[in-house]
Structures are given as structure tokens and as C-alpha cells.
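Everything below concerns the one structure shown next.
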Amino acid sequence: MKSDTFRWICESTDGAARAGRLQTAHGPVETPTFMPVGTVGTVKAMTMDAVRSTGAGIVLGNTYHLMLRPGAERVQALGGLHRFMDWHGPILTDSGGFQVMSLGALRKLDQDGVTFQSHIDGSKHRLDPERSTAIQHALDATITMCLDECPALPAEAEAIAASMQMSMRWAARSREAFVARPGYGQFGIVQGGTEPELRAESVKALTEIGFEGYAVGGLAVGEGQALMFSTLDVTTPLMPADAPRYLMGVGTPDDLLGAVERGIDMFDCVMPTRAGRTARAYTERGTMNLRNARFAEDARPVSPHCDCLACSRHSRAYLHHLFRTNEILGPMLLTWHNLAYYQRLMRGIRAAIVDGTLGAHAVHLRAEWAAEDWSEDEMPQPIIPPVA
């Protein structure tokens with residue numbers, strides 16, 4: 001039975017793109033939305049106040065990592081993941097399936113679930129649809145994900161079909177184990193590799209089970225952007241129009257834009273936080289590596305359009321200095337900037353959908369990403385931090 005207080009409301013469309021609002025027990029979320037990844041109960045290098053300042057409305061946690069450390073039961077005893085990590089908005093928890101499937105020789109898959117060794121200490125664990133769902137319940141996840149298998153691509157069609165069909169059986173078991181509560185939801189995950197017929201079969205199976213939302217899994221695993229987009233072209237039109245659609249683990253700004261154009265509403269990816277820790281900045285004019293010597297005397301902000309702490313108070317030269325001296329403040333500031341950029345990108349895309357101008361907006365975004373760095377006359381005056 002679907003929750004009647006967890007729902008997604010479509011507010012505007014522009015072609016296949018949708019602007020909507022997700023109503024949950026932990027507050028509303030405007031879509032399209034990007035979810036910062038807080039795998040182990042923290043968005044790396046960020047306080048939750050900093051995450052909130054970027055405009056993020058929902059964050060992601062992970063079942064596999066949290067079940068190992070500190071343990072779902074411990075988080076539950078301490079008041080749930082929202083209190084534990086100081087995030088009182090919605091939280092979506094990945095089922096742990098992708099992480100377990102990535103363990104290679106450390107895991108053994110069967111039709112009922114997967115047995116694996118912890119990558120931390122080698123201890124043995126078991127994860128099946130019921131256990132994954134119970135862990136997410138203990139964490140108090142606003143959105144619970146079904147346990148699925150995500151096969152690496154490329155793979156033989158027969159193997160992809162067998163994997164998808166097992167994931168659909170696991171989806172039915174996950175749904176049976178889910179405890180419905182007002183304002184909470186569970187998403188089924190569409191699998192099937194890049195095979196249109198298998199994707200259609202998966203969507204049909206999931207919609208017959210019935211979920212509050214639907215995710216597209218098994219993409220951005222090495223197949224390339226063109227094949228990812230062509231798979232979305234045949235998949236998203238089959239998905240329920242009255243439910244949120246989530247593309248898992250994606251991606252670059254151009255990936256997000258292209259997926260929104262194809263009807264996707266929700267995203268998560270480690271790219272902006274991982275890039276922030278390695279001196280890579282996302283901007284309206286593409287990316288830049290702040291370790292490069294050319295920034296050593298650059299008094300300009302990373303982006304003239306950004307009001308994050310990195311851009312409003314510091315220069316490229318300062319960030320370059322922080323990374324060259326391995327100061328922890330560098331990753332903190334640049335992660336903040338990247339997440340602020342991703343949220344600003346999504347707000348702009350959403351506004352364009354509402355205005356019916358997404359096509360023109362997309363052309364502008366892609367032209368800007370391909371452009372050179374801002375010229376001197378396009379930049380504001382160099383930032384001079386105030387003296388205390």
C-alpha cells in the first residue's frame with residue numbers, strides 16, 4: 001500500500017522535464033534535486049550547517065557502511081540518523097547492494113541474498129532484502145531503497161536478464177518487509193543494463209508491486225554518457241508519471257542536465273565532494289584544478305556567480321596555497337563551493353522548466369561549460385577579506 005502523505009506533485013513540465021515538489025515526513029523537497037552523499041552519516045569535509053547553506057533539501061546515507069560502523073541498532077538507540085548526523089530534512093538511504101556487489105571476491109551471491117566480508121575487518125555479514133529494509137527502518141530513512149544487484153557493464157544479455165529478474169524478486173520481498181508510515185516512502189530500482197526490453201520488463205514488474213518512487217539503477221557504470229542517455233530515452237517514458245524518478249549515482253553537471261531533459265527528478269553522486277577534496281572546482285565555465293601554478297597569484301574568486309564561503313571570502317590564490325600546503329581547509333572550502341554550484345545549477349534548471357525555457361537554458365549552460373575562464377572585465381573586483 002502506498003503512503004498517502006508521501007507524494008510527489010508535478011508543478012510544471014517542459015518537454016519531458018518536470019519541476020515538482022516531494023512531500024515527506026521530514027519536510028518538502030523541490031525537484032529536480034541533487035542529493036549530497038553522506039555515506040557514513042556525514043557529507044565529507046562539511047558540517048550540516050554548511051550543507052544547509054548550499055540549499056540542499058535532502059541527503060543520502062548508505063546501508064552497507066552504516067551497518068558496519070557504527071551499526072544500525074546503535075544509530076537507532078541514539079535517536080535515528082537525523083539526530084545522529086544533525087540533518088532534520090529528508091534522508092534517502094541506498095540499500096547497500098551496489099557496495100556489496102563491488103566487493104568482488106569478498107562476497108558470495110545467491111538467490112536469497114549476499115554473504116560478504118567487511119572491507120574494514122574481514123568480519124562476515126549477510127544482507128538480504130528483509131535485512132536491508134530493516135536496517136533502513138532502524139536508521140529512520142525517509143526514503144528506503146530496495147535491495148538489488150547491479151551487474152557491471154558490459155555483460156552478456158542473458159546474465160543481465162537473470163540479474164534483473166532476481167532484483168525484481170528482491171524488490172517484492174523488500175516491499176513486503178517495508179513498514180509503511182505517514183510521510184515515508186520506498187523506491188523500487190529499475191535494472192536491465194542497456195537492453196530496452198529488459199528495462200521495460202523491469203519497470204512493469206516494479207509498477208505491479210507498487211512503490212512511492214522509482215529509481216534507475218545500473219547506469220553510469222562504464223557505459224558512457226551517450227548509451228546512458230539512450231537507455232533513459234526508452235526507460236523514463238515507461239515509468240509512472242505521478243511518482244518521483246531517481247537516477248542513481250549520476251553525475252557531472254552535463255549528465256544531470258541531460259537526465260532532467262529526459263524526465264529524471266532526483267540525483268546523487270560523490271563527484272562534487274570528491275572533486276572538492278582533490279582541488280577540482282566545478283563552475284559555470286567548466287572545471288579548474290586549483291593546484292595548477294597559474295592560480296598562485298590569481299586574486300579572483302573561483303566563480304563570480306557564487307556566494308559560498310570559498311568565493312565570498314577567499315581567492316583562487318588562497319585555495320591554491322591551501323592545497324599546495326596540504327591544509328585541510330582547502331578541501332573543506334572547495335567541497336562547499338562544489339555543492340553550492342550543484343545546488344545553484346539545479347535551481348536554475350528548475351526555474352527554466354517552470355518558465356518553459358529549458359531548451360534555451362540548456363544551450364546556454366553547455367556553451368558556458370565549453371567556454372574559456374572568465375576574462376578580467378567579466379569578473380568582479382578581487383576579494384579582499386576583511387581585517388578583524
Side-chain angles (χ1 to χ4, degrees), residues 8 10 12-20 31-34 94-95 97-98 101 145-146 148-172 186-269 346 349 353 358-359 362-363 365-366:
W8 178 82
C10 184
S12 297
T13 60
D14 189 348
R18 298 124 57 93
T31 63
T33 189
F34 178 82
D94 192 356
S95 70
F98 179 81
M101 302 310 163
M145 299 302 299
C146 288
D148 65 333
E149 184 194 14
C150 180
L153 298 179
E156 295 294 330
E158 293 80 5
I160 296 173
S163 173
M164 180 275 291
Q165 290 159 1
M166 183 175 70
S167 288
M168 296 307 98
R169 293 192 294 272
W170 287 6
Q186 185 182 42
F187 285 19
I189 303 175
V190 180
Q191 288 290 353
T194 56
E195 306 292 328
E197 297 82 3
L198 296 180
R199 288 284 174 177
E201 181 182 339
S202 181
V203 172
K204 183 174 185 294
L206 293 173
T207 53
E208 287 177 352
I209 296 169
F211 292 91
E212 283 75 32
Y214 298 86
V216 180
L219 294 178
V221 290
E223 76 282 356
Q225 187 191 71
L227 195 49
M228 177 178 73
F229 283 168
S230 65
T231 303
L232 291 177
D233 285 333
V234 299
T235 302
T236 53
L238 303 175
M239 299 169 74
D242 61 349
R245 301 167 180 161
Y246 164 32
L247 179 57
M248 305 179 74
V250 175
T252 67
D254 191 43
D255 289 338
L256 269 59
L257 175 60
V260 168
E261 291 175 313
R262 290 163 173 81
I264 296 294
D265 309 300
M266 302 172 65
F267 303 88
D268 81 281
C269 191
M346 300 310 289
I349 291 173
I353 296 170
L358 181 60
V363 169
L365 285 174
R366 292 185 174 114

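As a basis for the values below, the full set of heavy atoms in this structure was taken, side chains included, without hydrogen atoms, waters or symmetry mates. Numbers for residues simply follow the sequence, beginning at 1. As the structure is a prediction and not an experimental result, all values here were calculated from the model.
To the nearest 0.5 Å, the span separating CZ on Arg245 from CE on Met266 amounts to 13.0 Å. Taken from CD1 in Ile349 to CG in Asp14, the straight-line distance is 12.0 Å, to the nearest 0.5 Å. Taking CD of Glu195 as the reference point, atom CD1 of Ile160 lies at 5.5 Å (rounded to 0.5 Å). Distance check: Leu219 CG to Asp255 CG gives 10.5 Å after rounding to the nearest 0.5 Å. Atom CE of Met168 is separated from atom CG of Asp148 by 7.0 Å, given to the nearest 0.5 angstrom. To the nearest 0.5 angstrom, Thr194 atom OG1 is 11.5 Å from Leu232 atom CG.
Closest approach of Cys150 to Gly218, counting heavy atoms only: SG-CA, 3.6 Å. When all heavy atoms are compared, the tightest approach of Ala243 to Glu212 is CB-O, 3.7 Å. Of all non-hydrogen atoms in Phe34 and Leu256, the two that sit nearest each other are CD1-CD2, 3.8 Å. Closest heavy-atom contact between Leu198 and Ala157: CD1-O, 4.0 Å. Nearest approach of Phe267 to Ala259, heavy atoms of both residues: CE2-CB, 3.4 Å. Between Pro151 and Gln191, the closest heavy-atom pair is CD-OE1, 4.4 Å.
The backbone N or O of Val190 sits less than 3.5 Å from a side-chain atom of Arg199, completing a donor-acceptor pair. Of the possible donor and acceptor atoms, one in the side chain of Glu223 sits under 3.5 Å from a partner among the backbone N and O of Val221. A donor-acceptor distance shorter than 3.5 angstrom exists from the side chain of Ser95 to the backbone of Cys146, with no hydrogens or angles considered. Although no hydrogens or angles enter the test, the distance criterion places no donor-acceptor pair under 3.5 Å between the side chain of Ser163 and the main chain of Ala159.
Other residues, nucleotides and ligands place more than 12 heavy atoms under 6.0 Å from the CD atom of Glu208.
Partner Arg262 forms a side chain to side chain donor-acceptor pair (under 3.5 Å) with one of Asp233, Thr236, Thr231 and no other, that one being Asp233. Of the candidates Thr31, Asp268, Asp265, Asp268 is the only one forming a side chain to side chain donor-acceptor pair (under 3.5 Å) with Tyr246.
Under the 4.5 Å side-chain criterion, counting only non-hydrogen atoms from C-beta, Phe211 is in contact with Leu206. Two residues are said to be in side-chain contact when any heavy atoms from C-beta on lie closer than 4.5 Å; Asp94 and Met248 meet this criterion. In this structure, Ile353 and Pro32 have side chains that are in contact, with non-hydrogen atoms separated by less than 4.5 Å. Residues Pro244 and Phe187 have side chains in contact (heavy-atom distance under 4.5 Å, counting atoms from C-beta outward).
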